[in-house]
Amino acid sequence: VQLQASGGGLVQAGGSLRLSCVASGRTFSRHTIAWFRQAPGKDRDFVSVISRSGSNTYYADSVKGRFTVSRDNDRKTVYLQMNSLQSEDAAVYFCAAVSTISSNWFKTREEEFTCWGQGTLVTVSS
């Protein structure tokens, strides 16, 4: 699959944004999808992952309770709803995909993913 992330922008602290990751290709529903982010001068960090069906999700502690990942396989899209945004959330956000069997959905390391989108910038103003 090929991935295209969008939805980033400038938001005030405490505000919300929804990111989208749209895929091309016919095998989207066979892919586990994750979101990562990279702040300036820092390593790329795991944010969230969602299983092929969307029934399983996992979040980094830093975003748990504020971010929600979901997917629409008919639209070949994964969403990241981000609420209560803080300055620490400012980063370029990337979506990533890997083809998996349904039970092997739990992946949080960059090297586990084979396809990456181009990134979308989220800026949080205080």
Side-chain angles (χ1 to χ4, degrees):
V1 295
Q2 291 184 317
L3 304 174
Q4 178 84 24
S6 63
L10 173 64
V11 63
Q12 286 190 328
S16 298
L17 278 177
R18 188 177 79 160
L19 306 184
S20 298
C21 176
V22 180
S24 60
R26 292 180 291 179
T27 61
F28 177 74
S29 62
R30 300 179 193 169
H31 286 71
T32 288
I33 308 292
W35 288 95
F36 290 80
R37 67 186 181 186
Q38 186 169 24
K42 296 190 177 182
D43 293 333
R44 190 154 54 184
D45 292 330
F46 167 79
V47 174
S48 180
V49 62
I50 187 166
S51 61
R52 299 185 341 174
S53 67
S55 58
N56 297 103
T57 59
Y58 179 76
Y59 301 90
D61 287 344
S62 59
V63 306
K64 202 171 295 182
R66 301 187 298 120
F67 289 13
T68 303
V69 63
S70 60
R71 68 189 292 164
D72 184 337
N73 284 343
D74 290 336
R75 289 186 165 82
K76 299 181 182 179
T77 302
V78 170
Y79 304 99
L80 185 68
Q81 178 66 43
M82 306 186 297
N83 298 330
S84 302
L85 283 162
Q86 305 165 1
S87 57
E88 307 89 85
D89 298 315
V92 177
Y93 283 71
F94 300 88
C95 54
V98 61
S99 179
T100 62
I101 59 174
S102 59
S103 60
N104 193 27
W105 67 274
F106 186 80
K107 299 182 184 299
T108 63
R109 295 179 294 125
E110 286 186 64
E111 56 266 33
E112 296 182 288
F113 292 87
T114 56
C115 304
W116 289 81
Q118 87 290 359
T120 185
L121 177 64
V122 172
T123 305
V124 182
S125 64
S126 55

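Throughout, residue positions are numbered sequentially from 1 according to the sequence presented.
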[X] versus [Y]: any side-chain heavy-atom pair under 4.5 Å?
X: Asp89; Y: Met82; value: no
X: Thr68; Y: Tyr79; value: no
X: Val63; Y: Arg37; value: yes
X: Phe94; Y: Leu3; value: no

Pair Phe106 and Tyr58, ring centroids less than 6.0 Å apart: yes

Between Phe36 and Trp116, ring centroids under 6.0 Å: yes

Would you give the length of the straight line joining atom [atom1] of [X] to atom [atom2] of [Y], rounded to the nearest 0.5 angstrom?
X: Arg109; Y: Arg44; atom1: CZ; atom2: CZ; answer: 14.5 Å
X: Ser51; Y: Asn56; atom1: OG; atom2: CG; answer: 4.0 Å
X: Cys95; Y: His31; atom1: SG; atom2: NE2; answer: 12.0 Å
X: Gln12; Y: Leu10; atom1: CD; atom2: CG; answer: 8.0 Å

Transitively linked via ILVMFWY side-chain contacts under 4.5 Å: [X] with [Y]?
X: Phe28; Y: Val98; answer: no
X: Phe67; Y: Phe46; answer: no
X: Ile33; Y: Trp105; answer: no
X: Leu19; Y: Leu85; answer: yes
X: Val47; Y: Val78; answer: yes

Side chain to side chain contact (heavy atoms under 4.5 Å, CB included) assessment of Ile50 paired with Trp35: CA-CA 9 Å; Ile50 187 166; Trp35 288 95; over 6 Å; no

Report yes or no: does [X] contribute a side-chain atom to a donor-acceptor pair with the main-chain N or O of [Y] at less than 3.5 Å?
X: Gln118; Y: Gln4; result: no
X: Tyr59; Y: Val69; result: yes
X: Ser55; Y: Ser53; result: no
X: Arg71; Y: Arg52; result: yes

Closest non-hydrogen atom pair, Ala39 against Ala90: CB-O, 3.7 Å

Nearest atoms (heavy-atom pairs only) where Thr120 meets Gly8: OG1-N, 3.0 Å

Worked verdict on Ser16 versus Gln81 for side chain to side chain contact (heavy atoms under 4.5 Å, CB included): CA-CA 7 Å; Ser16 298; Gln81 178 66 43; 3.9 Å; yes

Intermediate values then yes/no, side chain to side chain contact (heavy atoms under 4.5 Å, CB included), Val22 and Ser6: CA-CA 8 Å; Val22 180; Ser6 63; 5.6 Å; no

Does atom [atom1] of [X] have more than 12 heavy-atom neighbours, drawn from other residues, nucleotides or ligands, at distances under 6.0 Å?
X: Gln2; atom1: CD; answer: no
X: Arg30; atom1: CZ; answer: no
X: Lys64; atom1: NZ; answer: yes

